[in-house]
Amino acid sequence: MSRDNERPRDPAEASDGEQLALIRETVRKAKGERARPRTWRGAKLAGELPVARVLVDKGPVHLDKLWDYAVPAEMDAEARPGVRVRVRFGAGTGKVREGRREGGGLLDGYIIERVGESDYRGPLAALAQVVSPEPVLGPGLLALCRAVADRYAGSLADVLQLAMPKRNARAEGEPSPPPLPPPEPPAPGSWARYPAGPGFLEALARGDRPRAVWTALPGPHWPREWATAVAATLASGRGALVVVPDGRTAERVDAALTEVLGGPGRHVLLTADLGPEERYRRWLAVSRGSVRAVVGTRAAMFAPVRDLGLVGIWDDGDRSHSDERLPQPHARDVLLLRAVHEKTGFLLGDLGRTVEAAQLVENGWARPLEADREQVRAAAPLIRTVDEGEVARDAEARAARLPTLAWQTVREALTRGPVLVQVPRRGYVPKLACERCREPARCAHCSGPLEARDAEHLVCGWCGRDEPAWHCRECGGVRLRASIVGARRTAEELGRAFPAVPVRTSGRDHVLTSVPDRPALVVSTPGAEPVAEGGYAAALLLDGWALLGRPDLRAGEDALRHWLEAASLVRGHGDGGEGGDGRGGTVVIMAEPTQRPVQALVRWDPAGYAARELAERSQLGFPPISRMAAVTGPAEAVAELIASAGLPEGAETLGPVPLPPAPPGRPRRPGDPPPGEVWERALLRVRPGQGSALAAALKEAKAGRLARGEKDPAVRVDPLDIG
DNA sequence: AGCACGCCGACT
DNA sequence: GTCGGCGTGCTC
């Protein structure tokens, strides 16, 4: 049943709800005495629980406040908690002319609960319309959204905008398919390569809630391993949810689920590129309980899976797990909240390990799920480092700008299969660097990246100032070098050096999903690497130092993650890889071998790296042990918010400092100053264990201030980019 | 956000 | 006297 196209009617033929509102006007007109609410003589109200508490979704009042509306008798049956409604807001202040009310537009909202009477000491307006009887905001989802709002010092309405899919009347009008019975518990398959793997699956299958940080072995098995973990959970009669960073990965896991579950009926893929109608259709199938397993990208973290038994996240270090819309919740943390509130199992899978994951292991909340060294050695390729300053002896190698070892490795590997070449994305890394120590060249004013306008002039890429007398802040050097060669030029140069071999590129604009098991050079930016059907014979990781040189707390972690991702697509060293020719794959990384992320790659020891990083950050008072929040906005607004917040004992304020302008070209994000305005940012830091107190203080301070759009500073709990 | 109310100065 | 500036506060 669909009432989607029903518009508010002419007041002349107003519904019961409208009439109630009009009665209210009349009551108000009788000046002098305050109108008594809840005396609705003559108006037909719902007999039981005649008051609906409504969360107004959009519009001016995005406060975490519920508004009480009267439920007309005719809407009684449909106006259940969780349904979408439309209400008039601000009508009481509107003028009444010739019996027509003006002002007070219709706003969308959700009925949160039905109650017997209202605390509001005034006349209640009536619900204008029940948009549809579908209870889309169930108690579990509501509780989750509230928890996320609290955790991130945001409003419930903001979180609901992230969590709730757009309604589509056609999809809602269709019945969802009947649910299939739980499958049989799956065989462990390649989970047997992990000592604790089969036990983890058994725990899920018998209805327990194990929690693990899984360091996946390199190679092509992890999508299937995800599917097996989901299937084990389904076998217990519970549901499962897996969140991955991008649509391409979601499709791989989805395909594996179809194989493991023997068909498409028990799971859904939830990604943005399905389009709104299909997305809503699938979301409803989940909400109605006809499908209990979900794999999807970020927004799927809110999917209202019934009786959830397992939440999972893959590659939690990927930036796309963090929503850009306020309050910018991170999928890892949302799923952690779900694991706790909904009492589910938890699986964080990654080729590497983030510092946050290391913390979960360290404090004992999750157990490590790792393979033995033996298995790791067999599955990982051989990693060799090479100093990219080394002068190539061969003429061809010089032409391709490759050191001899890299050149020889590529040439040899090309006889056995495809070779992956990873090139940092332009714009992601500094364009110029000190020739001596490779410190990125930064603007003295705003620390933006310097660029060469021509042979003579340096210009800041952010603020546009000239830099006439650059010298290196680290070593005092005065000579610069172009830092990286872009993917396209790399592809051209390699194509000339290996004329007989096809060169393919994969990057931001066109991402290849896979390449066949034939000799080819595949030039890719991090994160866009195609899977090679028998594994790559070799990989070349170029400009490692440039990735490491980013002025970011997470530069080392990110670099290692990108390298592991590329290297995991290369045939294993010990077993020659699946479909290989019996000889193992090699990775050549052009980076300084003494750097810790480089050593971690060579030893294939992401867990050890993350543990050290965690210890170091803990000592320095950095997240995630200490918790932080960034407050960004016009200088006075930032200062006022911080001053008015009852910050927890021992909280430190770092800054505020002027915010560098957003790099041109990037779409504006919350916390970016509008063009032409100068904003500041302050960081708040609290001791371990006080994160929720910090969020609560900020939320309260925000609520205390008048909601005045742009003048209100943006609050970001757990900022990712703190330099 | 709108939209009222309200308390001040400049005008017919 | 009254018109209208935009500073506060309310909207179920």
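Protein chains get the first letters and strands the later ones, always in sequence-line order, with residue 1 at the start of each.
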Distance in angstrom units between [X] [atom1] and [N] [atom2], rounded:
| X | N | atom1 | atom2 | answer |
| --- | --- | --- | --- | --- |
| A:W67 | C:dC10 | CH2 | P | 10 Å |
| A:Y69 | C:dC12 | OH | P | 5 Å |
| A:L106 | C:dC12 | CG | P | 12 Å |
| A:D68 | C:dT11 | CG | P | 12 Å |
| A:L124 | C:dT11 | CG | C1' | 13 Å |
| A:R53 | C:dC12 | CZ | P | 14 Å |
| A:K65 | C:dC10 | NZ | P | 11 Å |
| A:L107 | B:dA1 | CG | C1' | 9 Å |

| Under 3.5 Å, is there a donor-acceptor pair linking the side chains of A:R716 and A:S322? | yes
| field | pi-stack flag for A:Y120 and C:dC12, centroid dist under 5.5 Å, interplanar under 30° | value | yes
| message | Under a 4.0 Å threshold between the charged nitrogen and the carboxylate oxygen, would A:R170 count as salt-bridged to A:E174? | response | no
Donor-acceptor pairs under 3.5 angstrom involving side-chain atoms of residues 686-695 of chain A: please list them, not counting sequence neighbours.
none

| request: Using the test ring-ring contact (aromatic ring centres under 6.0 Å, His included), find all partners of A:Y280 that sit at least two apart in sequence or belong to another chain. | output: none
